[in-house]
S.K.: 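Quick one: the structure is below, and I'll ask about it shortly.
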Amino acid sequence: MPDPGPSPLTASLPAAAARLGTDVLARALAAPAPGAPAPQDAPRWTPGGPSGLGTTTVSFARPAPVPDPPADLLPDPAGAPAAAPSAAEGRPVPGLYFHPIPDPDPVRVDEVSRRIKDWALDEVQLYPDEWEGQFDGFSVGRYMVACHPDAPTVDHLMLATRLMVAENAVDDCYCEDHGGSPIGLGGRLLMAHTALDPLHTVPEYAPAWADSLGADAPRRAYRSAMDYFVRAASPSQADRFRHDMARLHMGYLAEAAWAETGHMPEVWEYLAMRQFNNFRPCPTITDAVGGYELPADLHARPETQRVIALAGNATTIVNDLYSYTKELSSPGVHLNLPVVLAEREKLSERDAYLKAVEVHNDLMHAFEAAAAELAAALPVPTVLRFLKGVATWVDGNHYWHRTNTFRYSLPDFW
Ligand SMILES: CC(C)=CCC/C(C)=C(\C)COP(=O)(O)OP(=O)(O)O
Ligand SMILES: [Mg+2]
């Protein structure tokens with residue numbers, strides 16, 4: 001049967017929205033879906049107390065409204081095509097399944113970049129002068145603005161940006177190339193985790209713990225970024241984030257344990273480790289950054305968890321593909337999917353890389369199918385907006401990897 005091509009509705013939506021059961025999504029944004037709970041009955045944030053960003057409309061008597069996404073994320077009634085794909089530099093991995101996005105708003109990028117540098121230098125003393133070039137080259141402002149186009153304000157964007165910088169500081173300084181090592185990593189990570197999930201102890205020992213949070217840049221960054229986040233997010237959003245960070249730290253530890261013993265994992269073992277050592281804590285704050293909340297019981301549903309895991313896995317394999325040459329040139333063996341495939345399936349470097357592209361593409365298709373199923377099964381506004389936020393994060397993450405030629409370059413396989 002010939003492909004009928006995109007429907008007029010699909011053609012008018014940005015890529016992320018167009019993939020999420022377009023009809024269901026568009027209906028939900030325009031009016032309540034048939035059979036969906038009326039807005040006042042729909043599952044919403046049960047407030048743990050109004051505090052922080054975007055909570056001026058929260059009261060115990062009235063559920064928090066789900067703010068509409070900005071107009072550029074809604075279907076265009078005139079049917080105009082979505083914004084033009086980005087012309088920024090960097091070429092995509094050939095054969096990769098991804099969705100191009102428009103370049104992020106340059107005014108927001110500049111503002112976030114300025115504010116994050118002030119935070120890094122003045123509030124957490126993150127890096128010595130000689131690392132400035134790498135900090136700038138990371139382009140975290142461009143990254144976060146691309147991933148969160150629906151953030152209502154720059155303050156909201158800063159929540160994600162500080163956490164992203166802090167997460168990378170821990171990875172670089174504890175695990176990887178800025179003084180990191182697998183040796184003793186468990187102790188360092190657990191101590192840093194207490195900056196996110198505080199120690200509750202007897203008065204005698206509390207001051208020493210409190211002092212420890214200022215002892216190095218990763219802990220200062222975690223503590224400060226989390227402090228901002230906790231003040232803006234709901235208690236359950238903060239706890240969701242802590243859980244995702246515990247998952248991340250467990251992934252770092254498995255990778256480190258394998259490095260210490262020289263274990264080359266099976267491909268499935270690698271994929272399991274990488275599901276934890278994963279970008280997951282970033283897309284799962286899309287609602288807090290968007291100024292609304294996906295209620296905890298909807299987030300906890302197995303279908304939602306599957307969507308999140310697949311999205312995290314696809315975004316993380318994107319990193320394996322774009323960082324492949326960087327990791328090949330780093331000292332020792334740096335695990336990534338192409339390296340593990342080459343070793344375990346006795347493939348050439350090129351064939352292993354191409355197979356990793358296929359694995360990524362299959363993960364992306366599985367993510368999109370699972371998201372569309374969930375959107376159709378549970379068409380409440382918070383779920384639909386969250387799904388769109390995660391899909392948008394996936395696209396923004398690819399954009400950042402593709403365009404970050406300071407950090408990444410492609411192998412010469414084509
Ligand atoms: C931002 C965040 C939660 C990161 C956690 C895990 C992480 C650092 C990645 C998924 C990126 O992978 P990798 O360590 O390989 O990073 P680079 O390739 O060095 O950019
Ligand atoms: Mg990498």
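Below, each value reflects all heavy atoms present in this structure, side chains not excepted, and no hydrogens, waters or symmetry copies. Counting starts at 1 for both ligands and their atoms, following the listed order. The chain is numbered in sequence order, starting from 1.
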S.K.: Is it possible for you to check whether Arg274 lies under 6.0 Å from the centre of the six-membered ring of Tyr270, through NZ or CZ, and within 45° of that ring's axis?
M.R.: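 No, Arg274 and Tyr270 do not form such a contact.
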S.K.: Cut-off 3.5 Å, side chains only: do Trp393 and Thr315 have a donor facing an acceptor?
M.R.: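 Judged by distance alone, the side chains do not pair up.
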S.K.: May I ask you to check whether Asn319 brings an N, O or S atom to under 2.8 Å from the Mg ion (ligand 2)?
M.R.: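 Asn319 does place an N, O or S atom closer than 2.8 Å to the Mg ion (ligand 2).
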S.K.: Please tell me whether Glu368 and His99 have a donor and an acceptor in their side chains that are separated by less than 3.5 angstrom.
M.R.: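 Indeed, the side chains of Glu368 and His99 share at least one donor-acceptor pair under 3.5 Å.
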S.K.: Please work out whether the ring planes of Phe138 and Trp400 are parallel, tilted or perpendicular, with thresholds of 30° and 60°.
M.R.: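 The arrangement is tilted - the two ring planes meet at 30° to 60°.
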S.K.: Can you name the atoms of ligand 1, numbered from 1 with element, that are less than 4.0 Å from a heavy atom of Asp171?
M.R.: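 By the 4.0 Å cutoff, the relevant atoms are 8 (C), 14 (O).
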S.K.: Can you list the atoms of ligand 1 that are under 4.0 Å from a heavy atom of Tyr408?
M.R.: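 The atoms of ligand 1 under 4.0 Å from a heavy atom of Tyr408 are 17 (P), 20 (O).
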S.K.: Taking NZ, NE, NH1 and NH2 as the nitrogens, is one of them in Arg114 or Glu111 under 4.0 Å from a carboxylate oxygen of the other?
M.R.: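 Yes.
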S.K.: Under a 4.0 Å heavy-atom limit, does Asn336 contact ligand 1 with its side chain, its backbone, both, or neither?
M.R.: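 None of Asn336 does.
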S.K.: Looking only at protein heavy atoms, which one is nearest to atom 2 (C) of ligand 1, and what is the separation?
M.R.: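 Result: Glu167 OE1, 3.8 Å.
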S.K.: We want to know whether Tyr228 and Asp155 form a side-chain donor-acceptor pair, criterion being a heavy-atom distance below 3.5 angstrom.
M.R.: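 Asp155 and Tyr228 do not have a side-chain donor-acceptor pair below 3.5 Å.
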S.K.: Looking only at N, O or S atoms in Glu327, which is nearest to the Mg ion (ligand 2)?
M.R.: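 In Glu327, the N, O or S atom with the shortest distance to the Mg ion (ligand 2) is OE2.
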S.K.: Could you tell me whether some N/O pair between Arg274 and ligand 1 is separated by less than 3.5 angstrom?
M.R.: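 For ligand 1, there is an N or O atom that lies under 3.5 Å from one belonging to Arg274.
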S.K.: In terms of atom number and element, which parts of ligand 1 are under 4.0 angstrom from non-hydrogen atoms of Asn168?
M.R.: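 Atoms satisfying the 4.0 Å criterion: 1 (C).
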S.K.: Does an N or O from Lys326, backbone or side chain, lie closer than 3.5 Å to an N or O of ligand 1?
M.R.: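 In this structure, Lys326 places an N or O atom under 3.5 Å from an N or O of ligand 1.
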S.K.: Looking at non-hydrogen atoms alone, which of Tyr252, Tyr324, Phe279 comes nearest to atom 5 (C) of ligand 1?
M.R.: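 Closest candidate by heavy-atom distance is Tyr252.
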S.K.: Is the closest side-chain donor-acceptor distance between Tyr143 and Asn404 under 3.5 Å?
M.R.: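 No - no donor-acceptor pair under 3.5 Å links their side chains.
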S.K.: Of all the atoms in ligand 1, which lie at a distance below 4.0 Å from a heavy atom belonging to Arg407?
M.R.: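 Counting from 1, the qualifying ligand atoms are 17 (P), 19 (O), 20 (O).
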S.K.: Suppose we only count N/O/S atoms under 2.8 Å; would Ser323 qualify as near the Mg ion (ligand 2)?
M.R.: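 Given the 2.8 Å cut-off, Ser323 counts as a ligand of the Mg ion (ligand 2).
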S.K.: Any chance NZ of Lys117 has more than 12 other-residue heavy atoms, nucleotides or ligands included, within less than 6.0 Å?
M.R.: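 Yes - once you tally the heavy atoms of other residues, nucleotides and ligands closer than 6.0 Å, there are more than 12.
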S.K.: List ligand 1 atoms under 4.0 Å from Cys282, heavy atoms only on the residue side.
M.R.: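 Numbered from 1, ligand 1 contributes 1 (C), 3 (C).
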S.K.: Using 0.5 Å steps for rounding, measure from the NE2 atom of His193 to the CE atom of Met250.
M.R.: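 Output value for this atom pair is 11.0 Å.
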S.K.: May I ask you to list the atoms of ligand 1 that are less than 4.0 angstrom from any heavy atom of Met164?
M.R.: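 With Met164 as reference, the close atoms of ligand 1 come out as 1 (C).
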S.K.: Name the closest protein heavy atom to atom 13 (P) of ligand 1, giving the residue it belongs to and the distance to 0.1 Å.
M.R.: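 The closest heavy atom on the protein side is Asn319 OD1, 3.5 Å.
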S.K.: Any N or O on Glu327 sitting closer than 3.5 Å to an N or O of ligand 1?
M.R.: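 By distance alone, the answer is yes.
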S.K.: Do any nitrogen or oxygen atoms of His334 come within less than 3.5 Å of a nitrogen or oxygen of ligand 1?
M.R.: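 No - when backbone and side-chain N and O of His334 are compared with those of ligand 1, no distance drops under 3.5 Å.
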S.K.: Which of the atoms of ligand 1 are close to Asn277, meaning less than 4.0 Å from one of its heavy atoms?
M.R.: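 What qualifies from ligand 1 is 6 (C).
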S.K.: By number and element, which atoms of ligand 1 are closer than 4.0 Å to a non-hydrogen atom of Ser323?
M.R.: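 By the 4.0 Å cutoff, the relevant atoms are 18 (O).
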S.K.: For Ser224 and Arg162, test the side chains for any donor-to-acceptor distance below 3.5 angstrom and give the result as yes or no.
M.R.: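 There is no such pair between these side chains.
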S.K.: Strictly by modelled atom types, are Asp244 and Thr284 linked by a side-chain donor-acceptor pair under 3.5 Å?
M.R.: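 Yes.
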S.K.: Regarding His398 and Tyr322, is there a side-chain donor-to-acceptor distance under 3.5 Å anywhere?
M.R.: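 The answer is yes; a qualifying pair exists.
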